[in-house]
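In this text, all values refer to a predicted model and were calculated from it rather than measured experimentally.
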Amino acid sequence: MVPARRPGTTVTALLALLLTVTACGPVADRQPRDLRVGYDSLDGSLAVWPPRGTLTDDDEVTRNVTDAVRTWRSPVDDRAHLPTSGILWSGEVGGAPLALVAADVPGEKASWLLQVGNRDGRWAVTHATEYTDPGYLVYADVLPVWAAGERRYLVSSRVERLLGPDGRPVAQTDGLTTPVAVPPCRAVPLTATLRATESLPRGRAADRLLDLGTATAAPRYPLVRDESGSGRRALTDLDTCALADDRGPFGSILRRVGDRDVAESVPSSWPMAKIAVRTVGELALGGGAPAELEQLSWETADGTMTAVVHRPAGGGAAAVSRADRVDPLQSYLLPVGERKLLVLSWRATRDSSLSVPPGTTKLVDRPGLVVLDWPEKRETFSLASADETHYRSAGG
């Protein structure tokens, strides 16, 4: 899977190739008012998303799906732009019709994966997830599907083989896989093997992804790129439902649209790639065994975010903070049981020093890390270096 990158980064060779076609949009001749079926994105001579599924030639289904997508609105009331949207797959799953639509939503500069079904004789969007990478949805190679209470995946024609969480190949028919055993609140790996194409002359043996679990609530997109495997290591034994909570790192910074926060939209802190972790120190509370403190980092559509993780000695549930945008002096509220802690973290250098209010008791005090009980009133902390001083306030 080789998506377009965030603005300001290098656009991949694949994107360049895809844009060399006449127009990157849906294919198949339909009436102007209908959604097209498939996309004309090409990798050399290979159609990446050709029309697939047993209902692709059913004009009545196409019209019904089109009407459902035309009626649908995003959480901020934007609509799909039908001429640049398309039906990637249309068939039956579990005896019920299902269409998978890549929807372009220009107002949000976003791509949405819409699942359209027929419930009680009425066609409607039954599940909608926003693609967290600002690149187009159709430049991905593995798309998550939630149908009949089960996780499946729709794969592009570049995918030669998809390995599930157990490391075994997942069977697929016409691009849609059989159900895959994915737990609700645990991250599990997927690995796609990509065939040799013009953009990948040698193919790719291991295109790695993480599925954050079937409890991931729409419109949050559950797949995260994990090229190095660092995300899999970072999320080991962590509850992704807790991470996605509005008090957890992945869900805690709401998206702001205009002058308001939109809780129904994908959070600004939602991960899309490069989840990693590093150990920053140890913490012993109440005379117990030292617990490990880690700093979690990840890439979002709004930049890099961080959080801290408290892993108790001997196992047990980890405690996590809310997200913090990358700053020279990081500040986290970390709840550990009934106790609230303030964790201050920075990249220690020879000339950096942290100043805290007089009388502050430090539970941990080492270069790059200070931990103390959450202040009863709002306090200001400063990090001085040779060139400038950074301030953070917390407490109360």
Side-chain angles (χ1 to χ4, degrees), residues 234 238-239 242-243 245-254 256 261 267-269 275-298 300 302-396:
L238 292 184
D239 183 334
L243 297 178
D245 187 84
D246 59 8
R247 293 166 295 179
F250 293 165
S252 54
I253 300 180
L254 298 181
R256 193 161 185 82
D261 292 332
S268 289
S269 49
I275 299 176
V277 70
R278 68 184 183 98
T279 299
V280 293
E282 292 184 337
L283 172 64
L285 296 175
E292 193 171 72
L293 281 180
E294 299 174 336
Q295 185 180 58
L296 196 66
S297 64
W298 64 98
T300 76
D302 287 348
T304 303
M305 304 279 177
T306 64
V308 289
V309 179
H310 174 276
R311 290 186 183 265
V320 294
S321 74
R322 289 182 169 93
D324 189 27
R325 298 179 188 273
V326 167
D327 191 88
L329 177 58
Q330 306 271 187
S331 171
Y332 311 96
L333 166 60
L334 179 65
V336 180
E338 299 298 318
R339 196 167 181 176
K340 294 197 299 183
L341 304 175
L342 171 62
V343 179
L344 299 167
S345 175
W346 67 99
R347 291 284 184 178
T349 61
R350 190 184 314 174
D351 57 1
S352 64
S353 62
L354 182 75
S355 296
V356 302
T360 299
T361 300
K362 301 174 185 175
L363 304 174
V364 175
D365 184 6
R366 50 162 291 182
L369 178 69
V370 164
V371 181
L372 52 141
D373 284 306
W374 188 256
E376 293 183 1
K377 62 178 183 178
R378 196 154 186 82
E379 302 279 11
T380 299
F381 305 84
S382 62
L383 175 68
S385 65
D387 301 322
E388 56 185 325
T389 302
H390 307 274
Y391 299 90
R392 296 297 297 264
S393 296

What distance separates [X] [atom1] from [Y] [atom2], expressed to the nearest 0.5 Å?
X: Asp245; Y: Phe250; atom1: CG; atom2: CZ; result: 12.5 Å
X: Asp351; Y: Asp387; atom1: CG; atom2: CG; result: 7.5 Å
X: Met305; Y: Ile275; atom1: CE; atom2: CD1; result: 13.0 Å
X: Thr304; Y: Asp327; atom1: OG1; atom2: CG; result: 12.5 Å
X: Leu369; Y: Glu282; atom1: CG; atom2: CD; result: 11.0 Å
X: Arg322; Y: Asp246; atom1: CZ; atom2: CG; result: 7.0 Å

Subject >> Sole candidate of Val343, Val370, Leu342, Leu285 that passes side chain to side chain contact (heavy atoms under 4.5 Å, CB included) when paired with Leu363 >> reply: Leu285

So, for [X] and [Y], which heavy atoms are closest and what is the spacing to 0.1 Å?
X: Trp346; Y: Pro367; value: CZ2-C, 4.4 Å
X: Ser268; Y: Asp302; value: OG-OD2, 2.8 Å
X: Leu333; Y: Ser321; value: O-CB, 3.3 Å
X: Ser269; Y: Ser252; value: OG-N, 3.3 Å

Original post:
Does a sphere of radius 6.0 Å around CZ in Arg256 hold more than 12 heavy atoms from other residues, nucleotides or ligands, not counting ones at 6.0 Å or beyond?
Top reply: yes

Subject >> Enclosure of Arg278 CZ (heavy-atom neighbours >12, cutoff 6.0 Å) >> reply: yes

Please report, to 0.1 Å, the donor-acceptor pairs under 3.5 Å made by any side chain of residues 309-319, with sequence neighbours excluded.
{"unit_1": "Arg311", "atom_1": "NE", "unit_2": "Glu294", "atom_2": "OE1", "d": "2.9"}
{"unit_1": "Arg311", "atom_1": "NE", "unit_2": "Glu294", "atom_2": "OE2", "d": "3.4"}
{"unit_1": "Arg311", "atom_1": "NH1", "unit_2": "Thr236", "atom_2": "O", "d": "3.0"}
{"unit_1": "Arg311", "atom_1": "NH2", "unit_2": "Ala234", "atom_2": "O", "d": "3.2"}
{"unit_1": "Arg311", "atom_1": "NH2", "unit_2": "Thr236", "atom_2": "O", "d": "3.1"}

Run the side-chain donor-acceptor check on residues 374-382: report pairs under 3.5 Å with partners two or more places apart or on a different chain.
{"unit_1": "Trp374", "atom_1": "NE1", "unit_2": "Gly396", "atom_2": "O", "d": "3.3"}
{"unit_1": "Arg378", "atom_1": "NH2", "unit_2": "Ser393", "atom_2": "O", "d": "3.4"}
{"unit_1": "Thr380", "atom_1": "OG1", "unit_2": "Ser393", "atom_2": "OG", "d": "3.0"}

Side chains of [X] and [Y] in contact at under 4.5 Å (non-hydrogen atoms):
X: Leu293; Y: Tyr332; result: no
X: Leu354; Y: Leu329; result: yes
X: Ser297; Y: Thr306; result: yes
X: Gln330; Y: Val280; result: no
X: Leu341; Y: Asp373; result: yes

Original post:
Residues two or more places apart in sequence or in another chain: which of them pass side-chain hydrogen bond (donor to acceptor under 3.5 Å, both in side chains) with Arg325?
Top reply: none

